[in-house]
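To start, the structure itself, in C-alpha coordinates.
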There are 2 protein chains.
Amino acid sequence: MQRMTKQRSAVSEALAGLEDFRSAQQLHELLREHGNSVGLATVYRTLQALAEDGDVDVLRTPDGEAVYRRCAQDGHHHHLVCRSCGRTVEIEGPGVEAWADQVGAAQEFTAIQHTVELTGICSDCRPVGR
Amino acid sequence: MQRMTKQRSAVSEALAGLEDFRSAQQLHELLREHGNSVGLATVYRTLQALAEDGDVDVLRTPDGEAVYRRCAQDGHHHHLVCRSCGRTVEIEGPGVEAWADQVGAAQEFTAIQHTVELTGICSDCRPVGR
DNA sequence: CCTCAGTTTGACAATCATTCTCATCTGAAA
DNA sequence: TTTCAGATGAGAATGATTGTCAAACTGAGG
(Lines give C-alpha, C1' and ligand atoms only; values in the text may rest on other atoms or scores of the structure.)
Protein backbone atom coordinates (compact mmCIF):
# COMPACT_ATOMS: atom_id res chain seq x y z
CA MET A 1 0.00 0.00 0.00
CA GLN A 2 1.11 3.54 -0.70
CA ARG A 3 1.87 5.63 2.35
CA MET A 4 2.02 9.35 2.50
CA THR A 5 5.38 10.32 3.86
CA LYS A 6 6.94 13.74 4.17
CA GLN A 7 9.49 13.01 1.47
CA ARG A 8 6.81 11.81 -0.90
CA SER A 9 4.78 14.95 -0.49
CA ALA A 10 7.92 17.04 -0.69
CA VAL A 11 8.66 15.62 -4.12
CA SER A 12 5.09 16.16 -5.26
CA GLU A 13 5.12 19.72 -4.04
CA ALA A 14 8.40 20.45 -5.74
CA LEU A 15 6.97 19.16 -8.99
CA ALA A 16 3.78 21.14 -8.48
CA GLY A 17 5.79 24.33 -8.39
CA LEU A 18 7.54 23.68 -11.66
CA GLU A 19 6.39 24.09 -15.21
CA ASP A 20 9.09 22.28 -17.11
CA PHE A 21 11.04 19.06 -17.04
CA ARG A 22 13.65 18.40 -14.37
CA SER A 23 15.96 15.49 -13.80
CA ALA A 24 15.86 13.45 -10.62
CA GLN A 25 19.21 14.93 -9.67
CA GLN A 26 17.97 18.48 -10.14
CA LEU A 27 14.90 17.77 -8.05
CA HIS A 28 17.04 16.25 -5.35
CA GLU A 29 19.24 19.32 -5.22
CA LEU A 30 16.20 21.57 -5.24
CA LEU A 31 14.73 19.76 -2.26
CA ARG A 32 17.96 20.04 -0.31
CA GLU A 33 18.19 23.75 -0.95
CA HIS A 34 14.72 24.17 0.45
CA GLY A 35 15.69 22.35 3.59
CA ASN A 36 13.76 19.22 2.65
CA SER A 37 16.57 16.75 2.89
CA VAL A 38 15.50 13.71 0.93
CA GLY A 39 17.70 10.84 -0.15
CA LEU A 40 18.52 10.61 -3.80
CA ALA A 41 17.34 7.03 -3.96
CA THR A 42 14.01 8.11 -2.55
CA VAL A 43 13.63 10.79 -5.17
CA TYR A 44 14.18 8.17 -7.82
CA ARG A 45 11.75 5.75 -6.21
CA THR A 46 9.12 8.41 -5.79
CA LEU A 47 9.39 9.64 -9.33
CA GLN A 48 9.13 6.09 -10.56
CA ALA A 49 6.00 5.50 -8.57
CA LEU A 50 4.47 8.75 -9.75
CA ALA A 51 5.29 7.88 -13.33
CA GLU A 52 3.63 4.49 -13.00
CA ASP A 53 0.52 6.10 -11.65
CA GLY A 54 0.56 8.48 -14.57
CA ASP A 55 0.98 11.49 -12.33
CA VAL A 56 4.16 12.62 -14.01
CA ASP A 57 5.47 12.53 -17.56
CA VAL A 58 8.91 11.14 -18.24
CA LEU A 59 11.09 11.71 -21.23
CA ARG A 60 14.74 11.30 -22.11
CA THR A 61 17.16 14.06 -22.94
CA PRO A 62 19.39 13.42 -25.95
CA ASP A 63 22.15 12.28 -23.61
CA GLY A 64 19.95 9.70 -21.96
CA GLU A 65 19.05 11.41 -18.73
CA ALA A 66 15.48 10.95 -17.57
CA VAL A 67 13.51 14.12 -16.90
CA TYR A 68 10.17 14.42 -15.16
CA ARG A 69 7.33 16.89 -15.04
CA ARG A 70 3.97 16.81 -13.35
CA CYS A 71 1.23 15.78 -15.70
CA ALA A 72 -0.16 18.83 -17.37
CA GLN A 73 -3.57 19.46 -15.93
CA ASP A 74 -4.27 21.44 -19.04
CA GLY A 75 -4.34 18.33 -21.15
CA HIS A 76 -1.94 16.17 -23.03
CA HIS A 77 0.54 17.93 -25.24
CA HIS A 78 3.98 17.61 -26.76
CA HIS A 79 7.15 19.62 -27.01
CA LEU A 80 9.15 21.42 -29.61
CA VAL A 81 12.70 21.84 -28.37
CA CYS A 82 15.43 23.97 -29.89
CA ARG A 83 18.47 21.80 -30.53
CA SER A 84 20.71 24.80 -30.10
CA CYS A 85 19.53 26.69 -27.04
CA GLY A 86 17.09 24.26 -25.49
CA ARG A 87 14.15 26.65 -25.61
CA THR A 88 10.95 24.64 -25.29
CA VAL A 89 7.53 25.35 -26.69
CA GLU A 90 4.51 23.34 -25.68
CA ILE A 91 2.33 22.25 -28.53
CA GLU A 92 -0.86 20.34 -29.00
CA GLY A 93 -1.35 17.61 -31.50
CA PRO A 94 -5.03 17.18 -32.12
CA GLY A 95 -4.42 15.09 -35.19
CA VAL A 96 -1.60 13.06 -33.76
CA GLU A 97 -3.63 11.63 -30.92
CA ALA A 98 -6.26 10.33 -33.28
CA TRP A 99 -3.68 9.01 -35.69
CA ALA A 100 -1.93 7.06 -32.94
CA ASP A 101 -5.10 5.33 -31.80
CA GLN A 102 -6.11 4.58 -35.34
CA VAL A 103 -2.79 3.06 -36.31
CA GLY A 104 -2.70 1.02 -33.13
CA ALA A 105 -6.17 -0.33 -33.70
CA ALA A 106 -5.33 -1.25 -37.27
CA GLN A 107 -2.51 -3.46 -35.96
CA GLU A 108 -4.75 -4.98 -33.32
CA PHE A 109 -2.88 -3.28 -30.52
CA THR A 110 -4.69 -1.96 -27.49
CA ALA A 111 -3.83 0.48 -24.75
CA ILE A 112 -1.89 2.62 -27.18
CA GLN A 113 0.51 5.15 -25.76
CA HIS A 114 2.58 7.51 -27.83
CA THR A 115 5.73 9.56 -27.62
CA VAL A 116 6.00 12.52 -29.92
CA GLU A 117 8.79 15.01 -29.59
CA LEU A 118 9.88 17.62 -32.08
CA THR A 119 13.23 19.33 -32.30
CA GLY A 120 14.38 22.14 -34.53
CA ILE A 121 16.33 25.37 -34.58
CA CYS A 122 14.44 28.33 -33.15
CA SER A 123 14.37 31.77 -34.68
CA ASP A 124 16.83 33.15 -32.12
CA CYS A 125 19.41 30.56 -32.99
CA ARG A 126 19.01 30.67 -36.73
CA PRO A 127 22.15 32.08 -38.39
CA VAL A 128 21.61 35.80 -38.98
CA GLY A 129 21.03 37.24 -42.40
CA ARG A 130 18.71 34.55 -43.51
CA MET B 1 39.95 13.97 -42.22
CA GLN B 2 37.95 10.74 -42.09
CA ARG B 3 39.88 7.61 -42.85
CA MET B 4 38.52 4.31 -43.97
CA THR B 5 39.61 1.60 -41.59
CA LYS B 6 38.59 -2.02 -41.45
CA GLN B 7 36.72 -1.54 -38.20
CA ARG B 8 34.81 1.39 -39.56
CA SER B 9 33.65 -0.54 -42.59
CA ALA B 10 32.91 -3.55 -40.41
CA VAL B 11 30.46 -1.48 -38.37
CA SER B 12 28.86 -0.06 -41.48
CA GLU B 13 28.47 -3.49 -42.99
CA ALA B 14 26.97 -4.89 -39.83
CA LEU B 15 24.41 -2.10 -39.85
CA ALA B 16 23.73 -2.62 -43.53
CA GLY B 17 22.69 -6.18 -42.84
CA LEU B 18 20.17 -5.23 -40.18
CA GLU B 19 16.67 -3.89 -40.44
CA ASP B 20 15.98 -2.85 -36.89
CA PHE B 21 17.57 -0.97 -34.05
CA ARG B 22 20.53 -2.40 -32.15
CA SER B 23 22.48 -1.10 -29.22
CA ALA B 24 26.19 -0.41 -29.43
CA GLN B 25 26.77 -3.38 -27.17
CA GLN B 26 24.75 -5.70 -29.36
CA LEU B 27 26.62 -4.55 -32.45
CA HIS B 28 29.90 -5.07 -30.68
CA GLU B 29 28.97 -8.62 -29.79
CA LEU B 30 27.70 -9.26 -33.29
CA LEU B 31 31.00 -8.14 -34.77
CA ARG B 32 33.00 -10.37 -32.45
CA GLU B 33 30.87 -13.39 -33.36
CA HIS B 34 31.63 -12.76 -37.00
CA GLY B 35 35.32 -12.73 -36.31
CA ASN B 36 35.57 -8.97 -36.73
CA SER B 37 37.09 -8.15 -33.40
CA VAL B 38 36.50 -4.46 -32.83
CA GLY B 39 36.97 -2.59 -29.59
CA LEU B 40 33.83 -1.49 -27.81
CA ALA B 41 35.06 2.08 -27.61
CA THR B 42 35.58 2.05 -31.35
CA VAL B 43 32.04 0.86 -31.95
CA TYR B 44 30.76 3.77 -29.88
CA ARG B 45 32.99 6.25 -31.66
CA THR B 46 32.02 4.96 -35.06
CA LEU B 47 28.31 5.02 -34.32
CA GLN B 48 28.66 8.55 -33.03
CA ALA B 49 30.41 9.64 -36.18
CA LEU B 50 27.81 7.94 -38.36
CA ALA B 51 25.02 9.59 -36.40
CA GLU B 52 26.58 13.01 -36.83
CA ASP B 53 26.81 12.46 -40.55
CA GLY B 54 23.18 11.45 -40.56
CA ASP B 55 23.97 7.96 -41.80
CA VAL B 56 22.29 6.26 -38.86
CA ASP B 57 19.26 7.02 -36.74
CA VAL B 58 19.57 7.00 -32.98
CA LEU B 59 16.83 6.63 -30.42
CA ARG B 60 16.60 5.76 -26.76
CA THR B 61 14.96 2.71 -25.30
CA PRO B 62 12.71 3.33 -22.30
CA ASP B 63 15.57 2.39 -20.00
CA GLY B 64 17.89 4.91 -21.55
CA GLU B 65 20.04 2.76 -23.78
CA ALA B 66 20.92 4.24 -27.15
CA VAL B 67 20.01 2.14 -30.16
CA TYR B 68 21.12 2.64 -33.74
CA ARG B 69 19.88 1.74 -37.17
CA ARG B 70 21.09 2.60 -40.63
CA CYS B 71 19.04 5.33 -42.18
CA ALA B 72 16.07 3.71 -43.79
CA GLN B 73 16.53 3.76 -47.54
CA ASP B 74 12.97 2.55 -47.78
CA GLY B 75 11.66 5.80 -46.44
CA HIS B 76 11.04 7.25 -43.04
CA HIS B 77 8.75 5.34 -40.75
CA HIS B 78 7.95 4.77 -37.10
CA HIS B 79 7.43 1.86 -34.76
CA LEU B 80 4.64 0.34 -32.78
CA VAL B 81 6.10 -1.78 -30.02
CA CYS B 82 4.28 -4.22 -27.77
CA ARG B 83 4.96 -3.32 -24.16
CA SER B 84 4.53 -6.92 -23.15
CA CYS B 85 6.42 -9.06 -25.65
CA GLY B 86 8.44 -6.48 -27.54
CA ARG B 87 6.98 -7.35 -30.95
CA THR B 88 7.57 -4.46 -33.30
CA VAL B 89 5.53 -3.33 -36.26
CA GLU B 90 6.81 -0.73 -38.67
CA ILE B 91 4.31 1.91 -39.54
CA GLU B 92 4.17 4.95 -41.74
CA GLY B 93 2.85 8.28 -40.66
CA PRO B 94 1.86 10.23 -43.72
CA GLY B 95 -0.02 12.78 -41.68
CA VAL B 96 2.47 13.04 -38.89
CA GLU B 97 5.30 14.19 -41.10
CA ALA B 98 3.27 17.05 -42.43
CA TRP B 99 1.95 17.94 -39.01
CA ALA B 100 5.48 18.15 -37.59
CA ASP B 101 6.72 20.50 -40.26
CA GLN B 102 3.63 22.63 -39.98
CA VAL B 103 3.81 22.98 -36.22
CA GLY B 104 7.50 23.76 -36.40
CA ALA B 105 7.01 26.44 -38.98
CA ALA B 106 4.22 28.00 -36.94
CA GLN B 107 6.66 28.47 -34.07
CA GLU B 108 9.37 29.83 -36.37
CA PHE B 109 11.52 26.77 -35.94
CA THR B 110 13.50 25.39 -38.84
CA ALA B 111 15.19 22.06 -39.56
CA ILE B 112 12.43 20.21 -37.79
CA GLN B 113 13.09 16.65 -36.76
CA HIS B 114 10.61 14.42 -35.03
CA THR B 115 10.47 11.36 -32.86
CA VAL B 116 7.27 9.38 -32.88
CA GLU B 117 7.05 6.04 -31.20
CA LEU B 118 3.95 4.11 -30.27
CA THR B 119 3.58 1.39 -27.70
CA GLY B 120 0.62 -0.81 -26.89
CA ILE B 121 -0.40 -4.36 -26.11
CA CYS B 122 -0.52 -6.63 -29.12
CA SER B 123 -3.28 -9.14 -29.80
CA ASP B 124 -1.12 -12.07 -28.71
CA CYS B 125 -0.53 -10.54 -25.32
CA ARG B 126 -4.01 -9.32 -24.67
CA PRO B 127 -5.65 -11.23 -21.82
CA VAL B 128 -7.75 -14.02 -23.30
CA GLY B 129 -11.51 -13.93 -23.28
CA ARG B 130 -11.73 -10.24 -23.95
C1' DC C 1 57.67 0.73 -52.67
C1' DC C 2 59.14 3.59 -48.47
C1' DT C 3 58.45 7.36 -45.04
C1' DC C 4 56.15 10.24 -42.07
C1' DA C 5 52.54 12.77 -39.75
C1' DG C 6 48.33 12.73 -38.28
C1' DT C 7 44.41 9.37 -37.25
C1' DT C 8 42.49 5.66 -35.27
C1' DT C 9 42.48 1.86 -32.29
C1' DG C 10 41.88 -0.86 -28.07
C1' DA C 11 42.54 -2.16 -23.29
C1' DC C 12 41.37 -0.21 -19.28
C1' DA C 13 40.27 3.48 -16.13
C1' DA C 14 36.92 6.94 -15.12
C1' DT C 15 32.16 9.00 -15.20
C1' DC C 16 27.68 9.27 -14.11
C1' DA C 17 22.85 8.22 -13.77
C1' DT C 18 20.22 4.88 -11.78
C1' DT C 19 19.32 0.75 -8.96
C1' DC C 20 20.18 -2.32 -5.17
C1' DT C 21 21.09 -3.54 -0.22
C1' DC C 22 19.92 -3.61 4.23
C1' DA C 23 19.66 -1.83 8.80
C1' DT C 24 16.69 1.51 10.70
C1' DC C 25 12.59 4.34 10.82
C1' DT C 26 7.66 5.52 10.45
C1' DG C 27 2.67 5.86 9.04
C1' DA C 28 -1.58 4.32 10.21
C1' DA C 29 -4.66 0.66 11.57
C1' DA C 30 -6.25 -1.70 15.64
C1' DT D 1 0.23 2.96 22.26
C1' DT D 2 1.49 -1.19 19.91
C1' DT D 3 2.71 -3.27 15.81
C1' DC D 4 4.70 -4.22 11.40
C1' DA D 5 4.71 -3.83 6.36
C1' DG D 6 6.01 -0.26 3.64
C1' DA D 7 9.47 3.57 3.33
C1' DT D 8 13.93 5.72 3.92
C1' DG D 9 18.88 6.76 3.22
C1' DA D 10 23.88 5.99 3.09
C1' DG D 11 26.67 3.78 0.44
C1' DA D 12 27.82 -0.08 -2.63
C1' DA D 13 26.84 -1.99 -7.10
C1' DT D 14 25.59 -1.85 -11.86
C1' DG D 15 25.92 -0.77 -16.54
C1' DA D 16 26.20 2.23 -20.43
C1' DT D 17 29.09 5.57 -22.26
C1' DT D 18 33.30 8.39 -22.49
C1' DG D 19 38.20 9.52 -21.60
C1' DT D 20 43.22 8.22 -21.72
C1' DC D 21 47.28 7.20 -24.08
C1' DA D 22 50.72 4.26 -26.10
C1' DA D 23 50.92 1.48 -30.13
C1' DA D 24 49.25 0.39 -34.87
C1' DC D 25 47.55 1.99 -39.11
C1' DT D 26 46.10 4.96 -43.22
C1' DG D 27 47.03 7.81 -47.04
C1' DA D 28 49.71 11.29 -49.40
C1' DG D 29 54.24 12.23 -51.23
C1' DG D 30 58.52 11.12 -52.76
Side-chain angles (χ1 to χ4, degrees), chain A residues 1-15 18 20-53 55-69 81 83 86 115 117, chain B residues 1-15 18 20-53 55-69 81 83 86 115 117:
Chain A
M1 187 204 309
Q2 285 281 48
R3 283 186 193 166
M4 184 47 54
T5 64
K6 48 168 119 350
Q7 26 283 88
R8 203 159 281 182
S9 54
V11 171
S12 295
E13 273 180 45
L15 283 169
L18 295 170
D20 49 350
F21 287 89
R22 294 297 160 88
S23 70
Q25 313 263 353
Q26 289 176 312
L27 285 168
H28 177 237
E29 204 175 328
L30 208 65
L31 288 168
R32 306 216 131 214
E33 287 172 5
H34 283 249
N36 277 307
S37 186
V38 178
L40 181 55
T42 300
V43 175
Y44 274 104
R45 278 187 293 240
T46 305
L47 288 173
Q48 237 173 236
L50 289 172
E52 272 175 21
D53 293 349
D55 293 326
V56 300
D57 289 329
V58 193
L59 60 85
R60 297 267 169 187
T61 63
D63 50 294
E65 199 178 12
V67 287
Y68 306 81
R69 189 199 55 177
V81 185
R83 283 195 295 275
T115 302
E117 295 300 329
Chain B
M1 189 202 310
Q2 286 282 51
R3 285 183 189 170
M4 184 47 55
T5 64
K6 49 168 121 331
Q7 26 280 85
R8 203 158 283 182
S9 53
V11 171
S12 295
E13 273 180 45
L15 283 168
L18 295 169
D20 50 348
F21 287 89
R22 294 296 160 89
S23 70
Q25 315 262 352
Q26 291 176 311
L27 285 168
H28 177 236
E29 204 175 330
L30 208 66
L31 287 168
R32 305 214 133 216
E33 285 173 7
H34 284 251
N36 277 308
S37 186
V38 178
L40 180 55
T42 301
V43 174
Y44 275 104
R45 278 186 295 240
T46 304
L47 288 172
Q48 237 172 236
L50 288 172
E52 273 176 21
D53 293 349
D55 293 328
V56 301
D57 289 330
V58 193
L59 61 84
R60 296 266 169 186
T61 62
D63 51 292
E65 198 178 14
V67 287
Y68 307 81
R69 188 197 54 177
V81 184
R83 283 196 294 276
T115 301
E117 295 300 329

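Computed over heavy atoms, backbone and side chain alike; hydrogens, waters and symmetry mates excluded. In what follows, chains are A, B, ... by sequence order, proteins preceding strands, each numbered from 1. The structure presented is a predicted model; accordingly, all values stated were derived computationally and were not measured.
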Practice task
Examine the base of D/dG27 for any acceptor or donor lying under 3.5 Å from a partner atom in the side chain of B/Arg3, and report the outcome as yes or no.
Solution key: no

Problem - Donor-acceptor pair under 3.5 Å, A/Arg45 side chain vs D/dG6 base - result: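 A donor-acceptor contact between them is absent.
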
How many whole angstroms separate atom [atom1] of [X] from atom [atom2] of [N]?
X       : N      : atom1 : atom2 : answer
A/Leu27 : C/dT18 : CG    : P     : 11 Å
A/Tyr44 : C/dC20 : OH    : P     : 13 Å
A/Leu40 : C/dC16 : CG    : P     : 14 Å
A/Leu31 : D/dG9  : CG    : P     : 10 Å
A/Asn36 : D/dA7  : CG    : P     : 19 Å
B/Met4  : C/dT9  : CE    : P     : 10 Å
A/Leu47 : C/dT19 : CG    : P     : 10 Å
A/Leu50 : D/dA7  : CG    : P     : 12 Å

Name the nucleic acid region contacted by [X], choosing base, sugar-phosphate or nothing; use a 4.0 angstrom heavy-atom cut-off, strictly under.
X       : result
A/Ser23 : nothing
B/Arg8  : sugar-phosphate
B/Gln48 : sugar-phosphate
A/Gln25 : base

Exercise for the section: Compare all side-chain heavy atoms of A/Leu30 with those of A/Leu18 and state whether any distance is below 4.5 angstrom. Expected result: yes

Exercise for the section: Using a 4.5 Å cut-off on heavy atoms from C-beta on, say whether the side chain of B/Glu33 contacts that of B/Glu29. Expected result: yes

Handout entry: Chi angles and distances behind the side chain to side chain contact (heavy atoms under 4.5 Å, CB included) call for A/Val38, A/Thr46
Key = CA-CA 11 Å; A/Val38 178; A/Thr46 305; over 6 Å; no

Completion exercise
DNA chain D nearest-nucleotide lookup for B/Arg60 and B/Thr5: closer to the 5′ end is B/Arg60

Problem - First encountered from the 5' end of DNA chain D, between A/Ala41 and B/Ala66 - result: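 Residue closer to the 5' terminus by nearest nucleotide: A/Ala41.
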
Practice task
Select from A/Val67 and B/Thr46 the residue whose nearest nucleotide in DNA chain C is closer to the 5' end of that strand.
Solution key: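 Counting from the 5' end, the first nearest nucleotide belongs to B/Thr46.
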
Problem - Given DNA chain C, 5'-ward residue of the pair B/Gly39 and A/Lys6, judged by closest heavy atom - result: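 The residue whose closest nucleotide sits nearer the 5' end is B/Gly39.
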
Handout entry: C/dG10 OP1/OP2 closer than 4.0 Å to side-chain N/O of B/Gln7
Key =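 It does, given that an N or O in the side chain of B/Gln7 lies less than 4.0 Å from OP1 or OP2 of C/dG10.
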
Completion exercise
Shortest non-hydrogen pair, A/Leu31 vs A/Ala14, comes out as CD2-CB, 3.9 Å

Completion exercise
Scanning both residues in full, the closest heavy-atom pair of B/Ala24 with B/Val43 reads O-CG1, 3.7 Å

